[in-house]
Structure formats: C-alpha cells, structure tokens
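Have a look at the structure below, then the notes.
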Amino acid sequence: MTATMLAAPILLTHDLLTGAEWNPPQTRELLHLAADIKAHPGRYASILRGKFIALIFEKPSLRTRVTFEVGIQSMGGSVIFLDHTQARLGERECISDVARNLERWVHGIVARVYEQRVLEELAAHTEIPVINALSDKYHPCQALADFMTIEEKAGSLRGFKLAYVGDGNNVCNSLIFLAARLGVHLRIATPGAYEPAREVLQEAKRVARETRAKIELFTDPREAVDGAQGVYTDAWTSMGFEAEGDVRENVFRAYQVNAELMSLAAPEALFLHCLPAHRSHEVTSEVLDGPQSVVLDQSENRMYVQKAILHTLFS
Ligand code: CP
Ligand code: NVA
C-alpha cells in the first residue's frame with residue numbers, strides 16, 4: 001500500500017450479496033474510498049496484481065461487464081469471463097461444484113444471475129468473495145454508484161429527497177438498503193401489486209432509526225415526486241420477467257417519467273436511471289437526454305464503486 005492510498009473499510013463478511021452487509025459507517029467509508037479512487041486512480045493501480053476474478057453472467061450486460069473488466073484490469077488484476085447466457089449455472093454441474101472448483105483457480109467471483117439463491121449457494125460453498133452483479137432481488141453495485149453520483153451533484157446525501165417511480169424491483173430494493181444506511185429520504189411510488197420486498201423495507205426501517213433516513217411508500221407518482229431533489233426510474237419489465245411484459249406496459253403507463261412529472265419535482269431536480277432505458281416507456285427522451293439527467297455519470301461511477309468494493313473485499 002502506498003502512503004497516500006486510503007485503507008479499505010474492515011468488514012465482517014467477505015461477500016457482497018445484497019447491499020445490507022455493511023453498516024452505515026462502512027457504507028459511507030466505501031463511498032469515500034470510491035471518490036478517492038476516482039480522483040487518484042494511479043494510487044490503486046496495483047491493488048489486484050496477481051489476482052484472477054471470474055465473471056459469470058447468466059443475463060446480458062453492457063455497463064456491469066465493461067466496468068468490472070476495465071476496473072479489475074486497471075488495478076492490475078485479470079478477468080475470466082464465463083458466458084452463461086445460454087445455459088444457466090447449475091445445469092451442467094451443481095452450483096456447489098462450480099464454486100468449489102473456481103476457488104482452486106481464482107480469487108473471487110462476480111456473478112449476474114436469475115435467482116438470488118444461486119448467489120447465496122455460490123457463497124456458501126466457497127471461501128473466496130462473491131459479488132452480486134445483479135439478481136432478481138438486488139443490484140447493490142448500481143445503488144452504490146447512484147448514491148455516489150447524487151453526493152457528487154448535490155454535495156450531501158443526508159436528508160436528500162429521492163423519488164423512485166415504477167417497479168419495486170431489484171434496483172429499488174437495493175436503493176432502499178443503501179438509502180437507509182446513508183440517511184436519504186426515499187419516496188417510492190409503485191402500483192399496489194409491485195411494491196418492493198417487505199423484508200427489505202423492514203430491515204431498512206430498522207437501520208433508518210439509527211441514521212434518520214426516511215423510507216415512504218406511495219401509489220401516486222405525483223405525490224412521491226412532489227418537491228423531490230431527484231427522480232429515479234427503471235425498466236417496467238426487468239430481465240427474467242419478459243412473459244409479463246404486456247401486462248406490465250398497461251399497469252405502469254401512469255408511472256412514466258416525463259417533463260410533466262419532472263415539473264412537480266424541485267427546480268433542477270436530478271433525473272436518474274440505471275440503464276438500459278426504454279425510451280417512451282418508463283422515461284421520455286426529453287427527460288433522459290435533458291439537462292437534469294445524470295444517467296451517464298451513474299454509469300461512469302459504477303466503475304469507481306466497484307473498484308472500491310474490490311479493494312475492500314480482496315485486500
Ligand atoms: N445498469 C446495468 O447494470 O447495466 P447493464 O445491464 O448493461 O450491466
Ligand atoms: N431492473 C433491471 C435492471 C437492469 C440493469 C433488470 O433487472 O433488468
């Protein structure tokens with residue numbers, strides 16, 4: 001470690017499976033580390049020297065794959081990409097055997113899976129760190145990058161009023177866990193049957209008592225967005241839910257983020273989206289490409305939070 005490099009936060013777990021592994025100070029420290037890596041990438045250029053990391057993807061990806069590959073290689077590590085988009089993990093041999101083989105060769109696993117239980121099973125059968133690169137339930141790397149972006153733009157996260165509009169999905173669950181840890185005021189508007197997971201809300205509310213974060217649920221998007229400093233949306237139909245696509249188009253129609261909805265937010269409120277975006281569905285091009293949109297900063301920051309995660313889990 002060079003004299004000027006920041007030390008990684010000390011953790012009790014060596015996996016990142018949900019985003020709830022870290023307590024509020026550790027989460028803050030991780031964002032601080034990500035900002036330092038962004039400002040001084042050269043100081044962290046050898047952190048992963050000699051380390052091999054397997055990337056297992058059951059679903060397509062642009063941002064997650066590229067930011068992990070570039071991030072790992074720019075810290076001196078090597079990547080082995082295992083394309084599982086044609087055959088799911090566990091089909092050719094059981095997941096525990098995959099995990100126990102991989103740990104004989106590589107130092108860590110980054111996995112994008114259909115089912116959260118696959119990540120849990122990988123982690124249960126190996127000593128090496130496992131990182132969630134998106135599951136049906138969570139997308140922690142995304143939410144960390146989102147809050148890093150908000151902090152850069154707004155200066156502070158404490159009490160920041162963020163509206164999430166649309167499906168109570170993996171991205172929404174992770175925003176809830178992280179908002180609770182970072183003292184954010186999160187206002188979520190979903191149709192009744194598409195609320196975020198109950199156990200996620202319960203855990204977040206426990207943490208929120210310590211951080212004074214606020215997590216509120218609405219069904220009316222206008223109510224959630226009223227006076228918000230940031231407005232976030234995501235796909236109405238996530239990967240793996242394509243069979244419900246037509247039903248979802250109808251259910252979510254009133255949840256589109258357009259200029260009219262944005263006009264209810266605070267002046268110059270940020271617009272956020274994890275991408276990929278579906279133009280004219282959950283968001284109009286006018287908003288996505290407009291001056292309030294920070295979606296490309298979110299994408300860029302994926303790399304820095306992931307480098308901070310790797311530094312934390314692998315050093
Ligand atoms: N936001 C995100 O995870 O993008 P990809 O699906 O392209 O990786
Ligand atoms: N909720 C979306 C996020 C894509 C990055 C999905 O799971 O498809």
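What you see is a predicted model, and the numbers here were worked out from it, not measured in a lab. Atoms within each ligand, like the ligands themselves, are counted from 1 in listed order.
- The backbone of L275, and not its side chain, has at least one atom closer than 4.0 Å to an atom of ligand 1 (non-hydrogen atoms only; backbone = N, CA, C, O).
- Counting heavy atoms closer than 4.0 Å to ligand 2, residue D136 contributes nothing at all.
- Heavy-atom contacts of C274 reach the following atoms of ligand 1: 1 (N) (cutoff under 4.0 Å).
- The shortest contact between atom 4 (O) of ligand 1 and any protein heavy atom is with R63 NE, 2.8 Å.
- Less than 4.0 angstrom separates some heavy atom of L62 from each of these atoms of ligand 1: 5 (P), 7 (O), 8 (O).
- Residue contact annotation: T237 has no non-hydrogen atom under 4.0 Å from ligand 2.
- By the 30° and 60° cut-offs, the orientation of the rings of F252 relative to W236 is parallel.
- Interface atoms of ligand 1 facing H139, defined by a heavy-atom separation under 4.0 Å, are 2 (C), 3 (O).
- Of the N and O atoms on the side chains of S285 and R279, at least one donor lies less than 3.5 Å from an acceptor on the other residue.
- The protein non-hydrogen atom at the shortest distance from atom 4 (C) of ligand 2 is L134 CD1, 3.8 Å.
- From the protein, the heavy atom lying nearest to atom 8 (O) of ligand 2 is M239 N, 2.8 Å.
- Using a 4.0 Å cut-off between a side-chain N of Lys or Arg and a carboxylate O of Asp or Glu, E120 and K137 do not qualify as a salt bridge.
- Here L275 has backbone heavy atoms under 4.0 Å from ligand 2, and that is the only part of it that gets that close.
- K38 and N301 form a side-chain donor-acceptor contact under 3.5 Å, judged by distance and modelled atom types alone.
- For ligand 2, the polar-atom distance check against K59 finds no nitrogen or oxygen pair separated by under 3.5 Å.
- For atom 6 (O) of ligand 1, the closest heavy atom belonging to the protein is R112 NH1, 2.8 Å.
- Among the atoms of T64, some N or O lies under 3.5 angstrom from an N or O of ligand 1.
- Close contacts of ligand 1 with R302, meaning ligand atoms under 4.0 Å from a residue heavy atom, involve 1 (N), 2 (C), 3 (O).
- The protein heavy-atom contact nearest to atom 3 (C) of ligand 2 is D234 OD2, 3.7 Å.
- Taking CE of M148 as the reference point, atom CG of D297 lies at 10.0 Å (rounded to 0.5 Å).
- Neither side chain, T211 nor R181, offers a donor N or O lying under 3.5 Å from an acceptor on the other.
- Between the side chain of N170 and the backbone N or O of H139 there is no donor-acceptor pair closer than 3.5 Å.
- Using a 3.5 Å distance cut-off with no hydrogens or angles, the side chains of T233 and E282 do not pair a donor with an acceptor.
- Contacts between K59 and ligand 1, counted as non-hydrogen atom pairs separated by less than 4.0 Å, are absent for every part of the residue.
- Of the residues F218, F271, Y255, Y232, the one that meets the ring-ring contact (aromatic ring centres under 6.0 Å, His included) test with Y164 is Y232.
- Linking Ile, Leu, Val, Met, Phe, Trp and Tyr whenever their side-chain heavy atoms come within less than 4.5 Å leaves I53 and L82 in two separate clusters.
- R88 has no carboxylate O lying under 4.0 Å from a charged side-chain N of E58, or vice versa, which leaves the two without a salt bridge.
- In A235, neither the side chain nor the backbone holds a heavy atom less than 4.0 Å from any atom of ligand 2.
- The N/O atoms of N170, backbone and side chain alike, include one that comes under 3.5 Å of an N/O atom in ligand 2.
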